[in-house]
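All remarks here apply to the structure that follows.
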There are 2 protein chains.
Amino acid sequence: MSASNLTVTLGDVAAAAGVSVSTASRALNGNAKACRISATTADRVREHARRLGFRPNLLARSLQSRRSGLLGVVVPDVANPFFAAIAKEVTRGAEEAGRSVLLADSGECNEREVTLVAELQARRVEGLVVCPVGVDSTHLEAANAAGTPVVVVDRGFRDGSLPTVTSDHRGGAERLIEHLLELGHRTIGIVQGRPGTLPNDDRLRAARDALAAVGVSIDDVPVAGNGFTERSGYESAARLLADRPDVTALFAFSTPNAFGALRAAAEAGRSVPNDLALVCFDDVPHGEFLRVPLTAVAQDVRRLGQTAAEVMAERLETGRPPRRRRYTVPVRFIARASSGGPLPGAEPRSRRRSSRESLAAGAPR
Amino acid sequence: MSASNLTVTLGDVAAAAGVSVSTASRALNGNAKACRISATTADRVREHARRLGFRPNLLARSLQSRRSGLLGVVVPDVANPFFAAIAKEVTRGAEEAGRSVLLADSGECNEREVTLVAELQARRVEGLVVCPVGVDSTHLEAANAAGTPVVVVDRGFRDGSLPTVTSDHRGGAERLIEHLLELGHRTIGIVQGRPGTLPNDDRLRAARDALAAVGVSIDDVPVAGNGFTERSGYESAARLLADRPDVTALFAFSTPNAFGALRAAAEAGRSVPNDLALVCFDDVPHGEFLRVPLTAVAQDVRRLGQTAAEVMAERLETGRPPRRRRYTVPVRFIARASSGGPLPGAEPRSRRRSSRESLAAGAPR
DNA sequence: TTGAAAGCGCTAACAG
DNA sequence: CTGTTAGCGCTTTCAA
């Protein structure tokens, strides 16, 4: 029996085989041919390595080769299926490239993110894929400048130099607003997520723009909310419905926001979609089994992760900086029951094809 | 400006400060006092370290100290919220203990799991938390024996020596069956998950036992299914409903299984809960917004992960083997609409308090 | 075809 | 109080 033994070193194998460590190293690394090691010697070394259960120490190898084979991944909440899906695709990509993933959870806390990034750098990760908390990017810019390539996913920063992969937030928001406009809605309440983050602000701006385009003044667009959570959705929707009883539709910026809004609507005695239309950014798994299936814009989370993985892989393999700074992944509009039918008394209005839509660039390839 | 610079070594700092590397090392590791380094020297070293942006190379430190500070985590599918939640808790626990997590995704493939475990061992992880694919454990037993402590979560192995953290599968299954029995059901179809895995087989056995206890012969319990997926749920439920039109209730072993069964029921023209009761193991987030809220047994996923983290932490900190081999986390029964009301013509039957229930042991502390 | 030796960056005995 | 020395386990010139 040759149970693998973590304490057996290359030296032990070499000794057992009666060769030097350098020979053993060469024999085991397939450099046999290249380094002109005799077949018999190579076999002997391999045989002894097997017998002793030799497992090369990757820490030592990394130290010497200056290549850790590690990729750092930082997300605000691993338990969130959205980030979990991204982590999965990135992990898969890394493993295909022979790298392992060091996963860290920032818990939506910027300071923690800073610490974690430093820690990962100390472990000499070769690259960093980060879904940042989103308020500050100096630590990421610094890491990138210091030679650890950084790719940012989901949330990002309006300026700066980091390659960023996001969904087409603007296109998606615009599409949802257009949909509501088609149905005759004009007073649309916005249940936003976390202000200051790029996805939130992009969606908000796009929504306002789309409304402004049909003459709805910005003051006539009630907005509330302070996070992508159900709680924020509930509280802000409740407030919105109380303050502005004239809203006929709600646009929630996340599914938790939408579920919160659903609760608030129910408590306010407004049934969806009859007394209130509801649309949301992000789809919910098994949405078809909901009591009120939600009209939504689905992000292609896997593609988000894959794109990040590809951008990182290219950066790592070629050593060249990324081709672009922004990679925008298209979203998918799904009309379902929650947005209801045309508002009574509304003149039908056909959807004007959005200029953005055709711009939504896919990932390379 | 002192941008952190990954290429600055301890030697550089020492040179700049005009001391030897050992002095520099001691000054920076807080061993100043213990090693009687003069305060001024220590300060000078620290100052230069800061100025140069020195970041200690953890790979080198790990190699020398023989402590990688790494914990390996292997799950069948990171994108699955269940495993993501476990990964999160374990990650949190590891980070609290100053360790980083190497995350790997086995993709439900046993061979891949074997490879990944070997890879993680090569990276000298100090411990391994694994949600195994579940068919073979020799590689895990080997790792454990070779000195890398292994903790198994969710799926596990009936025999072997690995400490295992699971939900109370038997108690949960028994509870659901009891519930259906109370409502008067006697012909209950089982939409199982992946046969051969411990959770599946434990649930199946408990369900059969509970039915046998009221005189339902094992041949009268139709069972179908080959995975925890929606597809398996759909196909097996369809088959079950076709072959045994007399079933009045279905017990799905996972939420995807349940959603599949829901589709199959709809296609078979049986509405839930009126023409067919449905219960399932595992809860679904936002279950209250489903058209037919599902009666379920919810696993305490976070506690599953926390327990695994604790068991691992204790093992790592004390060096002692775990106190027990099985850690069973209680589940929570939630009655909702999908199981319907009492079956017409069924004599009411009060629930016999299960012997298992009181046995469901919590995690230590 | 193989070995000796140097060194990756760090820590820790052991001497001063 | 601080420097010297010897590695941790591996790869890789450079010689032989």
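Basis for what follows: all heavy atoms, side chains included, without hydrogens, waters or symmetry-related copies. Below, read A as the first sequence line, B as the second, and so on, with proteins coming before strands; counting in each chain starts at 1.
At whole-Å resolution of the value, CG in A:N57 and C1' in D:dG7 are 14 Å apart. For the pair A:R61 CZ and C:dG9 P, the interatomic distance rounds to 18 Å; values are reported in whole Å. Atom C1' of nucleotide D:dT12 and atom CZ of A:R26 are separated by 8 Å, given to the nearest angstrom. At whole-Å resolution of the value, CG in A:L52 and P in D:dG9 are 15 Å apart. Residue B:R55 contributes atom CZ, which lies 16 Å from atom C1' of C:dC10 at whole-angstrom precision. Taking atom CG of residue B:L59 and atom C1' of nucleotide D:dC8, one finds them 13 Å apart after rounding to whole Å. Rounded to an integer number of Å, the gap from CZ of B:R66 to P of C:dG9 is 20 Å. Per the geometry, CZ belonging to B:R67 stands 13 Å off P belonging to C:dT11, to the nearest Å.
Nearest approach of B:L52 to B:N5, heavy atoms of both residues: O-CB, 3.8 Å. Listed here is the closest heavy atom pair of B:P322 and B:R315: CD-CD, 3.5 Å.
Taking only side-chain nitrogens and oxygens, A:S20 comes nearer than 4.0 Å to OP1 or OP2 of C:dG3. In this model, the phosphate group of D:dT11 is approached by a side-chain N or O of A:N29 to a distance below 4.0 Å at OP1 or OP2. Between B:S25 and the phosphate of C:dC10, there is no side-chain N or O to OP1/OP2 separation shorter than 4.0 Å.
Residue-level contact check: B:S65 touches neither bases nor backbone, having no heavy atom under 4.0 Å from any strand.
In terms of modelled atom types and a separation under 3.5 Å, the side chain of A:E126 and the main chain of A:S68 share a donor-acceptor contact.
Nearest-nucleotide assignment on DNA chain D puts the 5′-proximal partner with B:Q64, out of B:Q64 and A:L58. Mapping A:P56 and B:T41 onto DNA chain D via the closest heavy atom, the residue that lands nearer the 5' end is B:T41.
More than 12 heavy atoms of other residues, nucleotides or ligands shown are found within 6.0 angstrom of CD on B:E47. Atom CZ of B:R44 has more than 12 heavy atoms from other residues, nucleotides or ligands within 6.0 Å.
Checking C:dC10, C:dG9, C:dA13 against the side-chain heavy atoms of B:L10 singles out C:dC10 as nearest. Comparing D:dG3, D:dG9, C:dC10 against the side chain of B:T23 picks out D:dG3 as the nearest.
Donor-acceptor pairing under 3.5 Å, judged by distance alone, is present between the side chain of A:S22 and the base of C:dA4.
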